[in-house]
Amino acid sequence: MKKTLYFYLCREITVPFLLGMATFTSVLLMGRLLKLADLVVAKGVPFGDILRLVVYLLPYFCLVTIPMAFLLALLLAFGRLSADSEVTAMKACGIGLYGMLPPVVGTAFVVYLVTAAIAVYAVPWGNSSFKKLVYQALESRANITIKERVFNDDFPGMVIYVDRFRKDEGIMEGILIQDERTPEKPTTIFAERGILATNPAKKEISLQLTNGSIHSSIHKTDYRLIAFREYDLTVNLNQEAKAATK
């Protein structure tokens, strides 16, 4: 009889637990979907890669949703049992509250093991895979995001205008860059030519500019002009990834 009772209580807990997991995870994903959708619309990331990004985010979400869903499952399960007088019926059969604890403790222990495994193994894997995939997607489409005679604002804190862009060679001509990554020291850069290069080791995109000038204002009172023959402007794709999915 106890085996049947334990199985019944576990089933009563499992069903609302799964529903709670699905609901809470969907709510958390809604906050990220707009940012992920921007990767598809603005940067042309394939939909298949977006699905992979969602999978990589799930372990981090599970650390929050699993405890919440389990608590909700206990409240709903025992609330229904109490409302339908099933708890009273169990007590009449000689089964007190302590007799109902074994399935609750057992399911709680299983939830604990799953959560611990996710925290130790799945979350680091998901975070590293997420960053790697975002970097690969942005790196492979960096040339695509820059369009001729258009103010491109795809890079965080920067607006880039290019008069001519040879995508096959990665060479830009007639370059204007408004760099506001440091709000208190905005800079405007002009350059005759530039080459777009990537640094996989540091997860950066580098704009190697030649024959130009840097115009900057300091504290809104001082003005500085620097002429250069060669200048490297780097964009950190880890920051781009955070901005895209924050």
Side-chain angles (χ1 to χ4, degrees), residues 1-40 45 47-91 93-135 137 203 238-246:
M1 178 178 176
K2 284 189 175 181
K3 184 182 292 186
T4 303
L5 174 63
Y6 293 166
F7 178 78
Y8 178 71
L9 291 177
C10 288
R11 188 184 65 181
E12 289 296 313
I13 295 173
T14 302
V15 174
F17 172 74
L18 296 177
L19 292 176
M21 278 285 297
T23 302
F24 292 137
T25 303
S26 299
V27 171
L28 290 178
L29 279 177
M30 288 299 295
R32 301 291 184 96
L33 285 180
L34 292 178
K35 293 291 185 180
L36 293 175
D38 183 65
L39 292 177
V40 177
V45 178
F47 185 71
D49 288 346
I50 297 299
L51 293 180
R52 290 172 61 191
L53 290 176
V54 171
V55 172
Y56 295 149
L57 285 173
L58 288 180
Y60 176 76
F61 290 157
C62 286
L63 290 181
V64 179
T65 58
I66 288 178
M68 294 172 59
F70 184 69
L71 176 60
L72 177 66
L74 291 179
L75 295 175
L76 291 178
F78 283 92
R80 191 199 69 78
L81 293 175
S82 178
D84 293 344
S85 300
E86 294 188 28
V87 174
T88 304
M90 292 178 192
K91 289 181 179 180
C93 295
I95 301 174
L97 292 178
Y98 289 106
M100 305 177 196
L101 282 181
V104 176
V105 174
T107 53
F109 184 69
V110 172
V111 168
Y112 162 75
L113 291 179
V114 172
T115 305
I118 290 175
V120 174
Y121 300 106
V123 171
W125 167 81
N127 289 340
S128 61
S129 300
F130 181 86
K131 292 179 181 179
K132 183 178 179 180
L133 180 57
V134 170
Y135 170 73
K203 291 183 172 55
N238 282 330
Q239 296 178 354
E240 174 93 356
K242 291 179 181 179
T245 57
K246 215 172 187 178

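This is a predicted model, so every value here is computed, not measured.
- Atoms CG and CD1, from Leu71 and Ile66 in turn, are 14.0 Å apart once rounded to the nearest 0.5 Å.
- Counting heavy atoms from C-beta outward, Val55 and Leu51 have side chains that stay 4.5 Å or more apart.
- For the atom pair Leu57 CG and Thr25 OG1, the distance stands at 11.5 Å (nearest 0.5 Å).
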Might you work through the side-chain contact (heavy atoms from CB on, under 4.5 Å) test for Arg52 and Asp49, ending with a clear yes or no?
CA-CA 5 Å; Arg52 290 172 61 191; Asp49 288 346; 3.6 Å; yes
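- In this structure, CZ in Arg32 is found 13.0 Å from CD1 in Ile50, a value given to the nearest 0.5 Å.
- The only member of Val64, Thr65, Leu72 that meets side chain to side chain contact (heavy atoms under 4.5 Å, CB included) when paired with Met68 is Val64.
- Listed for the Ser26 side chain is a donor-acceptor partner under 3.5 Å among the backbone atoms of Ala22.
- At least one side-chain heavy atom of Leu81 sits under 4.5 Å from a side-chain heavy atom of Tyr8.
- For the residue pair Ala69 and Met21, the shortest heavy atom distance occurs at CB-N, 3.5 Å.
- Interatomic distance, CG of Leu18 versus OG1 of Thr23, reported as 10.5 Å (0.5 Å rounding).
- Listed here is the closest heavy atom pair of Pro59 and Ile118: O-CG2, 3.4 Å.
- Counting heavy atoms of neighbouring residues, nucleotides and ligands inside a 6.0 Å radius, atom CZ of Phe78 exceeds 12 of them.
- Note that the CG atom of Leu63 and the CG atom of Leu58 stand 11.5 Å from one another [nearest 0.5 Å].
- Residue Ile13 comes nearest to Ala73 through the heavy atom pair O-CB, 3.3 Å, listed as atom of the first residue, atom of the second, then distance.
- Interatomic distance, Leu76 CG to Leu19 CG, rounded to the nearest 0.5 Å: 9.0 Å.
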Less than 3.5 Å apart, which donor and acceptor atoms pair up between the side chains of residues 101-109 and the rest of the protein, not counting sequence neighbours?
residue, atom, partner, partner atom, Å
Thr107, OG1, Pro103, O, 2.9
Thr107, OG1, Val104, O, 2.9

